[in-house]
Amino acid sequence: AGMRFESSIEINAPATKVWALIDKLEEWPQWMPSIKKIERVSKGPLAVGSQLSVTAKVSGLTVTLLMTITEFVPERNVVLEGKALGTKLTRFYTLEPVNGKTKITIGGDVSGALAWLACRGGQKVSAEIAQAAKKKVEGLE
C-alpha cells in the first residue's frame, strides 16, 4: 500500500516568481539544507521525460535518486518519479495562485520496502522545502 505526505505554504509572491525558483534546480542546494546536489541527466529544458539525479540527506542517510519528470506544466505543476532501495517515490510540486499570492504544495507518494521511512523523511523534506522556498522568494522581493 502507498503512503502520501504533503506540506503547503502560502508565499507572498506571484506564481511566476515561485516558479522561477523551482525551475533553477541546480541552485536548490544553495538554499535547501537537505538537498546536497541536483544534476540534470538529460539535456535541454525541463520537460516530461527529463531525468535528474538528486542527492539528498534524509533521516541521517544520504540517498541519490534518479528522478524522471512525468508531468510538467510551467508555473503550475511538476511530478517526478524515482526508485531507490526497492521503494518507489513520486514527488509533486503544485502552484496555485491565491489573491496575488501563491499556494505551493509539495509532497509525494511512496510504496515498497522502505515506504514508512521514505514517507517520514519525505514529509520532513517537503515541509523544509516549503519553508525555504517562502523565505527565499519573499527575501528576493
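Not measured: the values here are computed from a predicted model.
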Atom pairs and distances, donor-acceptor, side-chain atoms in residues 96-106, under 3.5 Å, two or more places apart:
unit_1 : atom_1 : unit_2 : atom_2 : d
Thr102 : OG1    : Ala13  : O      : 2.6
Thr102 : OG1    : Ala15  : N      : 2.9
Thr105 : OG1    : Ser8   : OG     : 2.8

(Q) Tell me if the NZ atom of Lys124 is crowded by more than 12 foreign heavy atoms within 6.0 Å. (A)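 It does not: Lys124 NZ has 12 such atoms or fewer within range.
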Q. Quick one: ring-ring contact (aromatic ring centres under 6.0 Å, His included) pairs with a partner in residues 75-101, sequence neighbours left out?
A.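 Found Trp28-Tyr93.
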Q: List in chain and number order the residues that pass side-chain hydrogen bond (donor to acceptor under 3.5 Å, both in side chains) with Thr62, two or more places apart in sequence or in another chain; answer none if no residue qualifies.
A: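 Applying side-chain hydrogen bond (donor to acceptor under 3.5 Å, both in side chains) to Thr62 gives none.
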(Q) Using the side-chain hydrogen bond (donor to acceptor under 3.5 Å, both in side chains) criterion, which residues pair with Thr90? Sequence neighbours excluded. (A)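 In terms of side-chain hydrogen bond (donor to acceptor under 3.5 Å, both in side chains), with neighbours along the sequence ignored, Thr90 is linked to no residue.
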Q: Report yes if the side chains of Val63 and Thr55 come closer than 4.5 Å at any heavy-atom pair, otherwise no.
A: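 Contact flag for Val63/Thr55 side chains = no.
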Q. With a 4.5 Å limit on heavy-atom distance, are the side chains of Ile9 and Ile11 in contact?
A.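 Yes. Closest side-chain heavy atoms under 4.5 Å.
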Q) With hydrophobic residues grouped by side-chain heavy-atom distances under 4.5 Å, do Ile22 and Val41 end up in a single group? A)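 Result: no, two separate clusters.
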Q. Transitively linked via ILVMFWY side-chain contacts under 4.5 Å: Leu61 with Phe5?
A.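 Same cluster.
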Indicate every side-chain donor-acceptor pair of residues 70-83 with a distance under 3.5 Å to a residue at least two apart or in another chain.
unit_1 : atom_1 : unit_2 : atom_2 : d
Thr70  : OG1    : Val79  : O      : 3.4
Glu71  : OE1    : Asn77  : ND2    : 2.8

Kindly list each side-chain donor-acceptor pair under 3.5 angstrom involving residues 45-52, sequence neighbours excluded, with atom names and distances?
unit_1 : atom_1 : unit_2 : atom_2 : d
Ser50  : OG     : Ala47  : N      : 2.9
Ser50  : OG     : Ala47  : O      : 3.0
Gln51  : NE2    : Thr68  : OG1    : 3.0

Q | Separation between OG1 of Thr94 and CD of Glu6, rounded to the nearest 0.5 Å | A |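 So the gap between those two atoms works out to 8.0 Å.
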Q: Output the distance between atom CG (Leu25) and atom CD (Glu39), rounded to the nearest 0.5 Å.
A: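 That separation rounds to 12.0 Å.
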Q: Without swapping roles, check the side chain of Thr87 against the backbone of Leu114 for a donor-acceptor pair under 3.5 Å.
A: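 Answer holds: yes.
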Q. Shortest non-hydrogen contact from Ser111 to Gly2?
A.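 So the two residues come closest at CB-CA, 4.0 Å.
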Q.
Please list all pairs meeting salt bridge (charged side-chain N to carboxylate O under 4.0 Å, His left out) that have one or both residues in residues 108-123, counting only residues at least two apart or in different chains.
A.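 Output for this query lists Arg4-Asp109.
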Exercise answer: donor-acceptor pairs, residues 29-38 side-chain atoms, under 3.5 Å, sequence neighbours excluded:
unit_1 : atom_1 : unit_2 : atom_2 : d
Ser34  : OG     : Glu128 : OE2    : 2.8
Lys36  : NZ     : Pro33  : O      : 2.9

Q: Mind checking salt bridge (charged side-chain N to carboxylate O under 4.0 Å, His left out) for Glu10 and listing every partner two or more places apart, or none if nothing turns up?
A: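 Glu10 satisfies salt bridge (charged side-chain N to carboxylate O under 4.0 Å, His left out) with no other residue.
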Q) Partners of Arg40 by salt bridge (charged side-chain N to carboxylate O under 4.0 Å, His left out), sequence neighbours excluded? A)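 For Arg40, the residues satisfying salt bridge (charged side-chain N to carboxylate O under 4.0 Å, His left out) (neighbours in sequence not counted) are Glu26.
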(Q) With side chain to side chain contact (heavy atoms under 4.5 Å, CB included) as the criterion, how do Arg91 and Ile129 come out once you've worked through the C-alpha distance, each side chain's angles and the decisive distance to 0.1 Å? (A) CA-CA 12 Å; Arg91 299 279 293 154; Ile129 294 171; 3.5 Å; yes
Q: Please list, chain by chain and in numerical order, all residues satisfying side chain to side chain contact (heavy atoms under 4.5 Å, CB included) with Ala127, sequence neighbours excluded.
A: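 Ala127: side chain to side chain contact (heavy atoms under 4.5 Å, CB included) contacts with Ser7.
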